[in-house]
Number of protein chains: 2
Amino acid sequence: MLSERQMMILRAVVRDFTNTGVPVGSKALAKQLPIHVSSATIRNEMAALEEQGLIKKTHSSSGRIPSVEGYRYYVDHLVKPDPLRPNDIDVIQSSLGGDFHKIDEIISQSATILSNLTSYTAFTLKPELKDSRLSGFRLVPLGKRQIMAILVTDSGDVENQTFDVAGDVDGEQLEAVVRLINDQLVGLTLPEVLRKLQADIPVKIGQYLQSPQGFLDIFGDVLTRAAQERFYVGGRLNLLNFSQDSDVDSLKSLYSLIDKTDDIASVLGQPSDKISVRIGNEMTNDALQNFSLITATYDVDQHGQGMIAILGPTRMPYSRMLGIVGAFREELAKKLLDYYRFYDE
Amino acid sequence: MLSERQMMILRAVVRDFTNTGVPVGSKALAKQLPIHVSSATIRNEMAALEEQGLIKKTHSSSGRIPSVEGYRYYVDHLVKPDPLRPNDIDVIQSSLGGDFHKIDEIISQSATILSNLTSYTAFTLKPELKDSRLSGFRLVPLGKRQIMAILVTDSGDVENQTFDVAGDVDGEQLEAVVRLINDQLVGLTLPEVLRKLQADIPVKIGQYLQSPQGFLDIFGDVLTRAAQERFYVGGRLNLLNFSQDSDVDSLKSLYSLIDKTDDIASVLGQPSDKISVRIGNEMTNDALQNFSLITATYDVDQHGQGMIAILGPTRMPYSRMLGIVGAFREELAKKLLDYYRFYDE
DNA sequence: TTTAGCACTCAAACTAATCAAGTGCTAAGA
DNA sequence: TCTTAGCACTTGATTAGTTTGAGTGCTAAA
């Protein structure tokens, strides 16, 4: 249990340290705090806070910095999200105001906006229904020897891939394959389709194509891409700003993590209604020990739930960041609702 | 004019320095050189080389390092490309040996291989005909309100983009627009198409669509993408290894340069038959002052000419790198010829 | 419970001393 | 004329020692 005064001190330590990056000493605090006490008193209180593991020293005679637990307490109990700055509002309005022709443009643009506002790295995921289902498959012949495979899901995701075929393209064969897939697989969830693709489908396709393997490769490829959550990243380069003493290796593993599409879901974690903050070692990933991750979901009614996130140093100004993330999720949801309303109704 | 002995010394200085990164002194050279002279003699020769601007000191009593002019002389007159190591050959064979379904897979894979072999950053461009022409355009309706626009050029490039439309999709309108484009624009070079797109096409399309602007945006978009040379990058993270004293700003501008699609052509420069080496300030771009760029073209007969390149520190082992680039361009050309032969004939 | 005072700690900044690698120059030798 | 041994000199790196300043914990008095 913390006393009022201890909370006040903890809050001040976090605020000061996140702003300046310098450990905070008792004298500076005494001068700054609204109550009138001496630095010695502050020292006593700080010792108590340290006892509880909320703040720590960088060396035996240094000022204090927040521990991970201290940040956590601050985020859970003390922080109040800052309201947006007028300038921030302008940025959002103007970047999100234009005309868009597809959801993905809005989502990818959002990642850029978020990274600009925060000067950290931002992630965005489009609204996604729980289990999206295969809703259509096409094979479009292009030119002489080229075919484009297109896969559509019921949540509107489209994946496509072109590939070359040897010999002439037989229109009837293509049609037969497309019909087969649409008959047998449309309506199933993508994992189900993947499972069937390993089982009975190859046999059936063998009836129409003499060498189905190539085709199955392509189809499987497009399918896995569609099953993976596509996410957008903004401001990747901002990570460079926080590479303390230029630790190239950890930077590299950080970037590999970000670029590995299949890992991002596990990093961002489960959606939850609240805005979630994970701090340093609260994330299991080694590369993220000095970072904090703020994630938030946004709802677009029947179109499902999406996610936005920002990744910055543990030592980030949480009140401002929480304000930005909170406000932006609202703006994005609003924008998407408008978008769906325009195209769907 | 350099004497035989001076050449020998210059060669040794470059070789030593590129291998170790440490300025090369007269004593070490005297011990290492095949001829038997004292370090004092070497010092005299080095003074002569410095006089000519080919080598320089890092401070008044240091060993010598090559100047940009020294590297240039070395590359132009002294270097002999290393033969590939057996291990390198294995890497190429196994990474390029698999089955590919499209040119782009081979080209993108090549960027990865090159970066692995060199541990630098690699670029690859697919073989490109001089002025590729529009050879086909489609609008494929997907689901309720989604359309995919597909553009094909006569060199086999495919660009596509999906977009949403408000209101019901009118199949006849779509067909009319597609027919219009195919009638009026197929066969023209892409710049010509772009020009027409600003001029008479909008009027004509206005006859079929009540609000053509959205469509024109999309079409223009796909068109510009198709007109830009698509290139692949391998080993971008390797640039981090050479950020001397973690100069974040110059790293950032380096990455922005690499990611800006429209600038890369100007960076890579004009194709030429030879393998070209550009060193440090021979490139005008500020961000590249400490880098060297090796570019090489490769020919795939009637399918045009492509390009590969590697970007590494000025202080790179040129003989090995030239060997790798030289050998790889051959391998790649061979692989592509095989590929075209399989699919085209 | 608060606070003035004091002894103590530690990182950072600065100074001085030493070392090793290298240079240019001179003068003697081939 | 070219080569080379010898020597004085320069410089960056490393190490050890000092000083400074911000900060701490503890004690004893208010």
Side-chain angles (χ1 to χ4, degrees), chain A residues 1-10 12-67 70 244-245 315, chain B residues 1-10 12-67 70 244-245 315:
Chain A
M1 278 307 80
L2 299 191
S3 68
E4 274 304 318
R5 194 165 65 184
Q6 287 170 340
M7 290 188 194
M8 180 187 292
I9 291 175
L10 177 56
V13 169
V14 173
R15 200 184 328 103
D16 253 40
F17 181 67
T18 52
N19 284 333
T20 66
V22 178
V24 187
S26 55
K27 223 163 176 179
L29 276 187
K31 213 173 291 172
Q32 182 194 128
L33 285 183
I35 56 173
H36 198 73
V37 287
S38 78
S39 65
T41 308
I42 306 268
R43 275 202 293 284
N44 290 335
E45 295 286 40
M46 281 174 129
L49 285 171
E50 184 165 16
E51 186 88 6
Q52 301 191 50
L54 297 174
I55 59 180
K56 61 187 179 184
K57 298 184 259 189
T58 61
H59 60 86
S60 78
S61 74
S62 79
R64 303 304 211 295
I65 65 174
S67 68
Q244 67 278 42
D245 60 67
R315 190 216 116 189
Chain B
M1 279 306 82
L2 298 193
S3 68
E4 273 305 316
R5 195 166 64 186
Q6 287 170 339
M7 290 188 194
M8 179 187 292
I9 290 176
L10 177 57
V13 168
V14 174
R15 202 187 325 101
D16 255 39
F17 180 67
T18 53
N19 284 334
T20 66
V22 178
V24 187
S26 56
K27 226 165 176 176
L29 276 187
K31 213 174 289 171
Q32 181 194 128
L33 286 183
I35 56 174
H36 198 73
V37 289
S38 77
S39 65
T41 309
I42 306 271
R43 276 203 291 285
N44 290 335
E45 295 288 39
M46 280 174 129
L49 286 172
E50 186 165 13
E51 186 87 6
Q52 302 191 50
L54 297 174
I55 59 181
K56 59 187 178 183
K57 297 185 261 190
T58 62
H59 60 86
S60 79
S61 75
S62 79
R64 303 306 211 294
I65 65 174
S67 67
Q244 65 277 43
D245 60 67
R315 188 217 118 189

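Treat the numbers as computed from the prediction; the structure is a model and nothing was measured. A, B, ... follow the sequence lines: proteins, then strands. Residue 1 opens every chain.
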What is the distance, rounded to the nearest whole Å, between atom NE2 of A/H36 and atom C1' of C/dT1? 16 Å
Under 3.5 Å, side chain of B/T18 to main-chain N/O of B/R315, donor-acceptor pair present? no
Of the candidates D/dG25, C/dT9, C/dT2, the side chain of A/T41 sits closest to C/dT2
Whether the side chain of B/S67 engages the backbone of B/G53 through a donor-acceptor N/O pair (distance < 3.5 Å, no angle test) should be reported. yes
Here the distance between atom P of C/dA21 and atom CZ of B/F17, to the nearest Å, is 18 Å
How many whole angstroms separate atom CD1 of A/I35 from atom P of C/dT1? 15 Å
Quick check: on DNA chain D, is the nucleotide nearest A/N44 upstream (toward 5') of the one nearest A/V22, or the reverse? Name the residue that is more 5'. A/V22
Nearest to side-chain heavy atoms of A/A40, which nucleotide of C/dT3, D/dT24, D/dT10: C/dT3
A/E4 atom CD is separated from C/dT1 atom P, nearest whole Å, by 17 Å
How many whole angstroms separate atom CG of B/L29 from atom P of C/dG22? 9 Å
Phosphate-side-chain proximity, B/R64 and C/dT23, N/O vs OP1/OP2 below 4.0 Å: yes
In whole angstroms, the gap separating C1' of D/dG21 from NE2 of A/H59 amounts to 11 Å
Does A/V24 or B/V37 map to a spot on DNA chain D nearer the 5' end, using the closest nucleotide for each? B/V37
Presence of donor-acceptor pair under 3.5 Å, side chain of A/S61 and base of D/dT24: no
Whole-Å gap separating P (C/dC25) and CD (B/E50): 11 Å
What is the distance from CZ of A/R43 to P of D/dT27, rounded to the nearest Å? 14 Å
5' precedence on DNA chain C between B/K27 and A/R5 (nearest-nucleotide basis): A/R5
Minimum heavy-atom separation for A/S38 to A/A30, with atom names? C-CB, 4.2 Å
Quick one, B/E45 and B/V37 - any side-chain contact, counting heavy atoms below 4.5 Å? no
Counting C-beta onward and ignoring hydrogens, is there a side-chain heavy-atom pair between A/L2 and A/Q52 closer than 4.5 Å? yes
Base, sugar-phosphate, or nothing: which does A/K57 touch, judged by heavy atoms less than 4.0 Å apart? sugar-phosphate
Taking only the side-chain heavy atoms of A/S60 (C-beta and beyond), determine which of D/dG12, D/dC26, C/dC10 contains the nearest atom. C/dC10
